[in-house]
2 protein chains.
Amino acid sequence: MSATASSSPKRDHLMATAWRLFYRDGIRAVGIDTILAEAGVAKMTLYNHFASKEELIIAILETRDVEFRESLMAQVNAAGHNPEKRLLAVFDWLENWFATESFKGCVFIRAASEYPEPTHPIHQAAWRHKIAVQAILTDLCAAAGATDPVTLATAFSLLIDGAVIAAHATQTTNPARSARTTAAALLQLAQPSAA
Amino acid sequence: MSATASSSPKRDHLMATAWRLFYRDGIRAVGIDTILAEAGVAKMTLYNHFASKEELIIAILETRDVEFRESLMAQVNAAGHNPEKRLLAVFDWLENWFATESFKGCVFIRAASEYPEPTHPIHQAAWRHKIAVQAILTDLCAAAGATDPVTLATAFSLLIDGAVIAAHATQTTNPARSARTTAAALLQLAQPSAA
DNA sequence: CACAAAATATACAGACCTGTCTATTTTCTT
DNA sequence: AAGAAAATAGACAGGTCTGTATATTTTGTG
């Protein structure tokens, strides 16, 4: 059984448990033994599914990236066909997220913070998520008729990450509305049809 | 000798060494022994100046907060008396910072990421810095004639933190310019005199 | 010089860390 | 039911962590 094998019940359970503890307390702060005790799984089972703690972490980040984007797109699609509404739905999704009881910031920002060296595999896994989200934003900006979708999406990306930081620090959802209001204003400016 | 005593050569040297290693590798990643070996200082000297590693960390964050704001204000003041130029100088300062060879993001964001629990003393020390910077931004926005300085400063704060995250992930200074351009547009919108 | 304060080296405690090894038991498939 | 695959318990290695204790040496000051 390769260490890069995919889905199995035990493997999924380990990842879910580790994810919860990493997100709650920090990655470096949580040891393997803690995860195993919480999951009720033997140590060798973990090391049969993952080559190391680092591979477990990266597998979790990649899974979370997919789930994150699926959740985001679900809310965007629920906003209907109006391109502007779809774009601004990103910030409503943000507000829902911030309102989550267990909200403790963005695991990708936090992982990149804990592993600050840009060449580190964990840092790069976190970075890949940022790029993927940026691509979504660019598509939404283009659909909304922005003259320069990349530039607008970049600005939105800054607002979103800034809002996540602020929401974590203040433990409030307000930054989502601040970001949304600002984003709406920028969208107006970036639409030539609005002139 | 109280553990909260202030400046002494050994104490300063320990803080400078610890700061450099914490910023380079992460707070949890750097042990006391590593700091002591790098600084060439005995362990008891550290524990005579600081009650614990946690107190050392907090002392460093508080010192960095002061230095950070002094550096920022120096560039703002160097921009002269024009309120708009002073406000936008914040983003020039940001670009200079990002261009630093050792740039690895914002230590306050990273400390809050490593100690995600909002009630943790380290998390709160990081948060206090954010509030202090926000106050500076609000003053600058008010001086620039914004109708709602608090709201504009909040938007700027999101852009700044987002830019820091992006600059760390991409290892480029571009996010500073993206943030600056966006900020300039928002400033125009927020000035009634520009209508 | 003499005394006091600061810093030193060194050892130690007790806990935690990741990862490995072995032998046994459970589970699944045929 | 039988054999193969997966998971188990538990010990263990070798290192690291924070913080303490002690005895000695350096440093600065009157």
Side-chain angles (χ1 to χ4, degrees), chain A residues 1-22 24-61 111 114-117 120-123 125, chain B residues 1-61 111 114-115 117 120-123 125:
Chain A
M1 183 57 58
S2 149
T4 57
S6 37
S7 192
S8 95
K10 288 284 175 191
R11 184 185 152 101
D12 293 348
H13 182 224
L14 271 172
M15 284 178 65
T17 304
W19 151 248
R20 182 167 50 84
L21 297 178
F22 285 157
R24 192 188 65 187
D25 298 334
I27 297 177
R28 290 200 123 104
V30 176
I32 292 290
D33 291 339
T34 305
I35 297 166
L36 296 172
E38 186 79 10
V41 167
K43 187 176 271 194
M44 280 314 297
T45 302
L46 187 152
Y47 281 102
N48 280 336
H49 284 293
F50 304 95
S52 63
K53 183 186 180 182
E54 183 174 308
E55 285 209 4
L56 169 64
I57 295 164
I58 291 172
I60 289 172
L61 290 179
E114 287 207 60
Y115 299 87
E117 176 56 45
H120 194 289
I122 293 176
H123 190 100
Chain B
M1 184 56 59
S2 151
T4 57
S6 39
S7 194
S8 95
K10 289 283 176 192
R11 184 186 153 102
D12 293 349
H13 181 225
L14 272 173
M15 283 178 66
T17 304
W19 151 247
R20 183 167 50 83
L21 297 178
F22 284 157
Y23 185 64
R24 193 188 65 186
D25 298 335
I27 297 175
R28 291 201 122 104
V30 176
I32 292 290
D33 290 340
T34 305
I35 297 166
L36 296 172
E38 187 80 10
V41 167
K43 187 175 272 195
M44 281 314 296
T45 303
L46 187 152
Y47 282 102
N48 280 336
H49 284 294
F50 304 94
S52 63
K53 183 185 181 184
E54 183 173 307
E55 284 209 4
L56 169 63
I57 295 165
I58 291 172
I60 290 173
L61 290 179
E114 288 207 59
Y115 298 86
E117 176 56 46
H120 194 288
I122 293 176
H123 190 100

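The figures that follow rest on heavy atoms only: side chains count, while hydrogens, waters and symmetry mates do not. Here is the naming used below: chain letters follow the sequence lines, and residue numbers restart at 1 for every chain. All of these numbers come straight from a predicted model, not from anything done at the bench.
Counting only heavy atoms from C-beta on, A/K43 has its side chain closest to C/dG19 among D/dG19, D/dA9, C/dG19. The side chain of A/T45 lies closest to D/dT8 when the candidates are C/dT18, D/dT8, D/dG19. Listed nucleotides: D/dG19, C/dT8, D/dT8. Nearest to the side chain of B/Y47: D/dG19. Distance from the side chain of A/S8 is smallest to D/dA7 among D/dA7, D/dG19, C/dT8.
Taking atom CG of B/L14 as the reference point, atom C1' of D/dG19 lies 15 Å away to the nearest angstrom. Between the P atom of D/dC17 and the CG atom of A/D33 lies a distance of 17 Å, rounded to the nearest Å. When the P atom of D/dA21 is taken as reference, atom CG of B/N48 falls 12 Å away, rounded to whole Å. In this structure, CD1 of B/I35 is placed 15 Å from P of D/dT16, rounded to the nearest angstrom. Atom C1' of nucleotide D/dG19 and atom CG of B/L56 are separated by 14 Å, given to the nearest angstrom. To the nearest angstrom, C1' of C/dT18 lies 13 Å from CZ of A/R28. Atom NZ of B/K53 and atom C1' of D/dC17 are 8 Å apart (whole Å). Protein atom CG of B/L36 is 11 Å distant from nucleotide atom C1' of D/dG19, rounded to whole Å.
Side-chain nitrogen and oxygen atoms of A/H49 include none within less than 4.0 Å of the OP1 or OP2 phosphate oxygen of D/dA6.
Taking all atoms of both residues into account, the shortest heavy-atom contact from B/R11 to B/A59 is NH2-CB, 4.2 Å. When every heavy atom of A/I35 is checked against every heavy atom of A/T17, the shortest pair comes out as O-CG2, 3.9 Å. Summarising the geometry of B/L46 relative to B/L14, their closest heavy-atom pair is CA-CD1, 3.7 Å, with the distance given to 0.1 Å. Here the closest heavy-atom approach between residue A/L61 and residue A/A125 is recorded as CD1-CB, 4.0 Å.
Without hydrogens or angle criteria, B/R28 side chain to B/E114 main chain gives a donor-acceptor distance under 3.5 Å.
Between A/M44 and A/I32, the one whose closest nucleotide on DNA chain C sits nearer the 5' end is A/I32.
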